[in-house]
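Structure first, commentary second.
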Amino acid sequence: MKGRYKVAIALILVFFILPLTLLLTLTRWVPTLAGIWLPVGTRIALDQSPRLHRASVEIPSLRYLVGDCELARVSGAMLSHPSRWRLNIAALDVDSACLSKLPESEPAPGAPRTLAEWQSMLPNSWLTIDKLTLSPWQQWQGKLDVGLTPAIQDIAFNGDALKLRARLHGQALTVSEFEAKLVDGQPPIKLVGDFTMPLVPDGLPVSGHLVSSFEFPQTPQLVDAELEWQKNQGQLVVTARDNPEPLLDLPWTLTEHVASISDGRWSWPYQGQPLSGRVSFKAEQWQQGLDTMQISGRLNVLTHGDNGKGNAVLTIGPGKLSADDSHMPLRLTGEAKQDDLIFYAVLPATLSGPLSSPHLAFEPGALLRSRGRVIDSLNIDEVRLPLAGVKVTEQGIDGRLQAILRAHENEMGDFTLHLDGLADNFLPDKGTWRWRYWGDGRFTPMHARWDVAGTGLWRDQSIVLNSLSTGFDKLEYGTMLVNKPRLVLEKPVHWLRDEQHPRLTGALSLDAGQTNFSGGSVLPPSTLKFSIDGRDPTFFQFKGDLHADKIGPIRVGGRWDGERLRGEAWWPKQSLTVFQPLIPPDLKMNLREGTLYAQVAFSAAAGQGFEAGGHGVLKGGSAWMPDNQINGVDFVLPFRFSEGTWLLGKKHPVSLRIAEIVNQVTAKNLTADLQGAYPWSEDAPLLLSNVSVDILGGKLSMLQLRMPQHDPALLRVQNISTSELISAVNPKQFAMSGPVNGALPLWLNNDKWIIKDGWLSNPGPMTLRIDKDTADAVVNDNIAAGAAINWLRYMEISRSWTKINLSNLGLLTLTANVTGISHVDGKSNTVHLNYTHEENVFDLWRSLRFGDNLQAWLEQNTALPAPRCSGGKECKEQ
């Protein structure tokens, strides 16, 4: 009995424990067993043991390796058999770089060769991969669903960038949906088509027809594409719906050894620059793989500009493109014309290295040039970009970067600029680029020459302008001559292009020598120093100060936000005497007293232009000259400037107050207010008001002058003392005393008159006394007037009325009626004088000879006076 029990126990161990042991050790023996059928050099690896469930088998992780390269990784696989085999895979990652390492092998005897044989081997099954990823094209990942039977195979792929739905029935392949997003922010490309697959699935379909409609961002309408082929040749035609001419027409041929495109055509009529050309392409030994394929081709581009047609040719190969070591000669030659610009290119280069990180190296003689007109007045004489020795890789640009620009502007002048630098694997915000620049030119409007020089560095996210010096030998404009203005760096400009903490800092100084004016005025050497601090060149703050010897400093501050420049300028209170150098020596004016201060806010933008507003204040100003003095000047100037118009005194008028003007005639308490727009208009007039001055014992005043003028401005004369006027003029021929009143209607924009129907009159008694020598001279020269002139030697004027007209040509007409009593040798007589005088006041300013004019009038116009009858001997004599 004991022996039988032992046999039974042994059978139990064989039938139960052995399968359990095999299951627990699958990770060891299954890869070894599978290696019998796998290609040589490949293997599978199970990181975890499979798990058995009630109706399925779970494989947590499986890897397929080619040598040490992981070709595929399977995660979360579940195999079941509800009604047919179903394989669900959570994730499948495939590395395409390992495909080139698969060993070549001959098909095994009896292996399926035709498409029908392959299809007959397919089980009734479903395959679902929730996340299929093919490196390095991870953006095309998505979900794959496959349904297989020997008769029909269905495939569906759904991802963010790619969607596909197709069915293979025998040799007939139908693509019912294909959608691919090639460019972010643009509509996807969609296509459908029918194909006939070859009997042996080792090449492309033997025939097919594919249609698609998609949208280019540069085209106004949809673009239709049609691909059709039969056996080894076909044609691809792409046409825009608004243009019958095809955008692309590529006849192609595909044989066992050569794939070629011959006499292809392309055109691009959009973006304001029509382009067209021809294309040819050949790939020899294309079936042997990319590493052995010999590629050659030719593409030409025809351009049309204002200067005619241009033709550029890109020659490719012959060479190879390889995943490991490419070698493809390239050469771009010819010219292109766009508008008024012409581009010339001779660019020999070689593309080398692996396709995943290619290298483009420009060979000796590589040069890009251009000339033409950029805008109506700026002409590019030549731009030269030598590129020999420059390399372009995935890491960036490496080598010497140079540029030479020669240009001229019709009115501004000509100039030459040079740039020379060295790049070390440079890309924006990556690598290093050191540069220096220099140049010079002429600035014709100001008869000046200028120069510029400097150095800089771009390293990773930091751009540094280490040095800058630019300036003019002089600036000469009109009556002004500025000597040697120059802009230099006080502190390097540093721009940190960090996304989280960007920063822009620096300091500059604008220095100028003495500024001379033709009248003899001189502005001392001036300096504007300012610093910048901000985020980047589109957003920063600035502050600084301007001074010229003792003038200033004027403090300036503001900010630039990329669209608008805003700022303020403060002029602290300082003595008026600092402006003495600005007074021409010939004026012999001495600034003695007074203070000046000002504040201005300004803004500038592309659509707005320049705007400014603020105020300036002059207090207690005093200036002395040999012949006169001006004391107690108070001037307040509130203003705003916008759209080419000055708005003076928006809330409070411009105010001028002068306590005293000492000359031959002393004027006191001068006042004037100004408010409105300049240039003025009907909707925005300019008003001069509150004008008055105490002078000659009386007052001159004007209530208001409006521009544009519709009514005359009335200049009032009140109690002007003729004795003070005569004392100031000091004529030796006569003397007068007594007050004068009047009103002078003043026109500034009349087509004929400056003063029309003005008048002067005496409100009280006046006296006129003719100098004895003058009277005697008239008597001796004019016997007829001799008797009458004696009655004018001394006259008391009781009434006078003078009418005044002044034309805009300067012709002054005076018509005076004077009535008075003449006292001569104890006799009294009534005298009536009618006086008419015409003279050009513009000539009168040059020669104020009142006495000579009066003497000439007396000689020509004096008549005997009418007697004043009071009885007695005098009446009898009349």
Side-chain angles (χ1 to χ4, degrees), residues 180 182-183 186-187 189-191 210-229 233-254 258-283 295-319 321 328-349 351 360 362 366-374 380 383 385 387:
L182 301 180
V183 181
Q186 299 296 330
I189 292 177
K190 300 178 182 180
L191 57 86
L210 182 83
V211 293
S212 173
S213 296
F214 52 93
E215 180 179 346
F216 277 161
Q218 297 87 353
T219 58
Q221 301 292 335
L222 288 176
V223 172
D224 297 323
E226 183 176 4
L227 176 62
E228 188 170 3
W229 74 93
Q233 62 182 6
Q235 187 171 15
L236 171 65
V237 178
V238 179
T239 307
R241 294 184 180 179
D242 62 342
N243 190 348
E245 290 294 324
L247 300 178
L248 192 63
D249 185 355
L250 300 180
W252 56 270
T253 302
L254 189 65
V258 179
S260 64
I261 297 174
S262 58
D263 198 25
R265 296 182 300 149
W266 67 275
S267 65
W268 190 254
Y270 304 106
Q271 301 298 311
Q273 172 66 16
L275 304 175
S276 61
R278 298 274 181 168
V279 59
S280 61
F281 175 83
K282 179 186 292 185
I295 299 174
S296 61
R298 189 174 186 270
L299 171 72
N300 81 300
V301 181
L302 294 175
T303 58
H304 302 266
D306 294 342
N307 292 317
K309 295 182 179 180
N311 183 23
V313 179
L314 174 63
T315 303
I316 304 172
L321 297 175
M328 180 61 67
L330 303 172
R331 186 177 183 86
L332 177 64
T333 59
E335 63 181 35
K337 299 180 179 181
Q338 180 177 14
D339 298 330
D340 290 327
L341 284 176
I342 305 176
F343 299 90
Y344 304 92
V346 179
L347 299 175
L351 185 70
L360 180 65
F362 290 98
L367 177 64
L368 182 64
R369 297 186 299 125
S370 178
R371 65 177 178 86
R373 186 167 62 245
V374 179
I380 304 298
V383 177
L385 299 173
L387 295 175

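Just so you know, these numbers use all the heavy atoms, side chains as well, and skip hydrogens, waters and symmetry mates.
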**Asked** Under 3.5 Å, side chain of Ser280 to main-chain N/O of Asp263, donor-acceptor pair present?
**Response** no
**Fill in**
Applying side chain to side chain contact (heavy atoms under 4.5 Å, CB included) to Leu330 and not counting sequence neighbours gives Ile316, Met328, Leu351, Leu360
**Request:** State whether the number of non-hydrogen atoms from other residues, nucleotides or ligands found under 6.0 Å of Arg278 atom CZ is greater than 12.
**Result:** yes
**Asked** From Leu314 CG over to Leu347 CG, what is the distance, rounded to the nearest 0.5 angstrom?
**Response** 10.0 Å
**Asked** Can you name the closest pair of heavy atoms from Pro318 and Ser296 and give their distance?
**Response** CA-CB, 4.0 Å
**Request:** Please identify each residue that fulfils side chain to side chain contact (heavy atoms under 4.5 Å, CB included) with Thr239, with sequence neighbours left out.
**Result:** Val237, Pro246
**Atom pair CZ (Arg265) and CD (Glu245), whose distance is rounded to the nearest 0.5 Å** = 6.5 Å
**Item:** Non-neighbouring partners of Leu236 that pass side chain to side chain contact (heavy atoms under 4.5 Å, CB included), sequence neighbours left out
**Value:** Leu227, Val238, Leu248, Leu250
**Prompt:** How far apart are the C-alpha atoms of Arg331 and Val346, what are their side-chain angles, what is the distance that settles it, and do they pass the side chain to side chain contact (heavy atoms under 4.5 Å, CB included) test?
**Reply:** CA-CA 7 Å; Arg331 186 177 183 86; Val346 179; 3.8 Å; yes
**Prompt:** Could you give the distance from CG (Leu254) to CD (Gln233), rounded to the nearest 0.5 Å?
**Reply:** 10.5 Å
**Item:** Straight-line distance of Leu387 CG to Leu367 CG, nearest 0.5 Å
**Value:** 7.5 Å
**Request:** Using side chain to side chain donor-acceptor pair (under 3.5 Å) as the criterion, point out the one residue from Glu335, Arg369, Arg371 that pairs with Tyr344.
**Result:** Arg371
**Asked** Going by heavy atoms in the side chains, are Lys282 and Val258 under 4.5 Å from each other?
**Response** yes
**Item:** Exercise: identify the closest heavy-atom pair between Gly264 and Pro251
**Value:** CA-CD, 4.0 Å
**Complete:** CH2 (Trp266) and CG (Asn300) are apart, to the nearest 0.5 Å, by 8.0 Å
**Request:** Identify the two heavy atoms, one from Gln235 and one from Trp252, that lie closest to each other, and give their separation to 0.1 Å.
**Result:** N-NE1, 3.4 Å
